[in-house]
2 protein chains.
Amino acid sequence: MTQIAIVLYPRFTALDFVGPYEVLRMLPDADVRFVAHEPGPVVADSGVLVVGATHSFDETPSPDLILIPGGPGCFGAAKDEKLREWLRTVGPAAQWTTSVCTGSVVLAAAGLLDGLRATTHWSSLTALSLYGVTAVSDERVVRAGPDERIVTAAGVSAGIDLALWLADQIAGTKKAEAIQLAIEYDPQPHLDSGHRSKASVATITASTVMLSRDLDKPEVLKLSTRLLWDRALATVRARR
Amino acid sequence: MTQIAIVLYPRFTALDFVGPYEVLRMLPDADVRFVAHEPGPVVADSGVLVVGATHSFDETPSPDLILIPGGPGCFGAAKDEKLREWLRTVGPAAQWTTSVCTGSVVLAAAGLLDGLRATTHWSSLTALSLYGVTAVSDERVVRAGPDERIVTAAGVSAGIDLALWLADQIAGTKKAEAIQLAIEYDPQPHLDSGHRSKASVATITASTVMLSRDLDKPEVLKLSTRLLWDRALATVRARR
């Protein structure tokens, strides 16, 4: 069995992990679980989508593949010592440690991306670089670390590309192609502004405003500000 | 407010609706809800993903947009008289009636696609045509009905393209582009077998076997067989 542990935390962005889940669950002998502090419902950033965590971190001591999604809740998750400790323990032993979107901020906070190249949602590249990570803006899937087993993907929908690549690595190209057909992943967006390099300044501004609806909540602001302070102070202290 | 009602039923395929949800929830004044017989947890086809229905059908008498996902559970949903009745009542009044993947089989069973063009997952085109629907295999998003307000999408991941197109129609191209950037929808699959026309015979076979893992369960088989019988008998009886 390939145990696939998808991490859930409050205010996740659902597509970040549902895309990869739909691909990875079709791997031969895939054993997918959703892990959190304890089994039970976890609420998405939208406030209307609720997904169940099936297992606790303690019940998941040796996953083969870890996937951590992003979302406005990533700043809270990055401050979650229990989650960071779990990532530090199971990450190095797992065959694959992966993230989608701002999930990489949580991996960075746990120290798993120290000195490595990684990507994240375009709006959080600066936050990622504060952790001493080389934040990559022009690659959708970035491989790094020992044997390139730490793989980070860009924002939200990039998780599908990440998972298809992982499926190829884990089960071979033939299986990956069959999965791609099973989910009919032959994307045909009728617009072409899915990357910052392709979008107008007006679109980038409108998108930033749109995203800030989720980020502007006081508790999220407080956590992200706190995180920036922590990193800034840590940098200053390291200089002395 | 634009009330967006996403239908849930047991054995749904999650990406079918999580893709569109992630796009549509960013529309100005979007009011997304997940509807089922009653509020509560609903289990996906994988058996490991649980999503919460937030409202009952009865509590949702006038949605502006209906989206019904596909999945092996579609055959059960197609036999669900309460759901069919709800679709027949709210469908014609809604501004948009939409489906992803085999969600169109449920719309067809409710009689909403009579004599229209529609699409579905490539593996279920025949099932769809049994309802007197012109099943389209080479368009990812198909518009039909009065004012083209009934929109069906191909399998699983096609829901993202559907939703981006809907966002464009509902809120304009600028908003849709901002949403596309927000979810960084700049797809770059490293393989190219996402449509049957691009896949080898071996890939189609492997994919069919893969999908049958979900479909081969006795209760699903029984329901889909029953559905085929019902349609065949209805056709015979209509001839007399």
Side-chain angles (χ1 to χ4, degrees), chain A residues 13-15 18-19 21-22 25-26 32-34 41 46 48-52 54 101 121-122 140-141 154-158 160-161 164-165 168 173-196 198-200 202-204 206-207 209-211, chain B residues 13-15 18-19 21-22 25-26 32-34 41 46 48-52 54 101 121-122 140-141 154-158 160-161 164-165 168 173-196 198-200 202-204 206-207 209-211:
Chain A
T13 297
L15 184 53
V18 172
Y21 145 87
E22 210 65 84
R25 77 183 187 87
M26 292 204 190
V32 177
R33 55 172 59 194
F34 296 95
S46 65
V48 295
L49 178 63
V50 184
V51 173
T54 58
C101 200
H121 190 278
W122 56 268
R140 201 157 162 87
V141 176
V156 196
S157 62
I160 305 176
D161 292 332
L164 193 64
W165 181 85
D168 194 342
T173 303
K174 286 187 198 311
K175 280 276 190 296
E177 284 176 335
I179 293 173
Q180 185 179 24
L181 182 59
I183 65 161
E184 216 158 337
Y185 187 42
D186 179 34
Q188 296 169 26
H190 75 293
L191 300 173
D192 190 22
S193 64
H195 188 266
R196 204 162 50 163
K198 299 176 176 178
S200 67
T203 299
I204 294 171
S207 195
V209 170
M210 209 168 252
L211 290 163
Chain B
T13 296
L15 184 53
V18 172
Y21 145 87
E22 210 65 85
R25 77 182 186 88
M26 291 204 190
V32 177
R33 55 172 59 193
F34 296 95
S46 64
V48 295
L49 178 63
V50 185
V51 173
T54 58
C101 200
H121 191 277
W122 56 267
R140 200 155 162 88
V141 176
V156 196
S157 63
I160 306 176
D161 292 333
L164 193 64
W165 181 84
D168 194 342
T173 304
K174 285 186 197 312
K175 280 276 191 295
E177 284 176 336
I179 293 173
Q180 184 179 25
L181 181 58
I183 65 161
E184 217 157 337
Y185 186 43
D186 180 35
Q188 296 169 27
H190 75 293
L191 301 172
D192 190 23
S193 65
H195 188 266
R196 204 162 50 163
K198 299 176 175 178
S200 68
T203 299
I204 294 171
S207 195
V209 170
M210 210 168 253
L211 289 163

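Just so it is clear, the model here is predicted, and its values are computed rather than measured.
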**Asked** Which residues pass the side chain to side chain contact (heavy atoms under 4.5 Å, CB included) test with A:A14, sequence neighbours left out?
**Response** A:F12, A:L49, B:V18, B:Y21, B:E22
Checking [X] against chain A: side chain, backbone, both or neither under 4.5 Å from a heavy atom?
| X | answer |
| --- | --- |
| B:S200 | neither |
| B:M210 | side chain |
| B:I160 | side chain |
| B:Y185 | both |

**Message:** Quick test of your reading: applying salt bridge (charged side-chain N to carboxylate O under 4.0 Å, His left out), list the pairs with at least one residue in residues 175-188 of chain A, sequence neighbours left out, ordered by first then second residue.
**Reply:**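 Non-adjacent pairs meeting salt bridge (charged side-chain N to carboxylate O under 4.0 Å, His left out): A:D186-B:K198.
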Flag the one option from [options] with the top tally of heavy-atom pairs under 4.5 Å to chain B.
| options | result |
| --- | --- |
| A:L181, A:D192, A:V209 | A:L181 |
| A:P41, A:A158, A:P187, A:G52 | A:P187 |
| A:A154, A:C101, A:P189, A:A176 | A:P189 |
| A:S157, A:G155, A:S193 | A:S193 |
| A:T203, A:D161, A:V50 | A:D161 |
| A:Q180, A:R33, A:R25, A:R196 | A:Q180 |

**Fill in**
Checked B:H195, B:K174, B:H190 vs chain A; the most non-hydrogen pairs under 4.5 Å come from B:H190
**Message:** Quick check on the interface: out of B:L15, B:V32, B:V141, who has the most heavy-atom pairs with chain A under 4.5 Å?
**Reply:** B:L15
**Request:** Would you name the heavy atoms of B:S207 and A:A182 that are closest together and state the gap between them?
**Result:**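 Of all heavy-atom pairs spanning B:S207 and A:A182, the closest is OG-N, 3.1 Å.
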**Item:** Engaged part of A:T54 at the chain B interface, taking heavy atoms whose separation is under 4.5 Å
**Value:**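 The side chain, not the backbone.
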**Prompt:** So what's closer than 4.5 Å to chain B heavy atoms on A:A199: side chain, backbone, both or neither?
**Reply:**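 A:A199 touches chain B through side-chain heavy atoms alone.
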**Request:** Calculate, to the nearest 0.5 Å, the distance between atoms CG and CG belonging to B:L191 and A:D168 respectively.
**Result:**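 Reported value, rounded in 0.5 Å steps: 5.0 Å.
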**Request:** Answer yes or no: is there a side-chain heavy-atom contact under 4.5 Å between B:H121 and B:T13?
**Result:** no
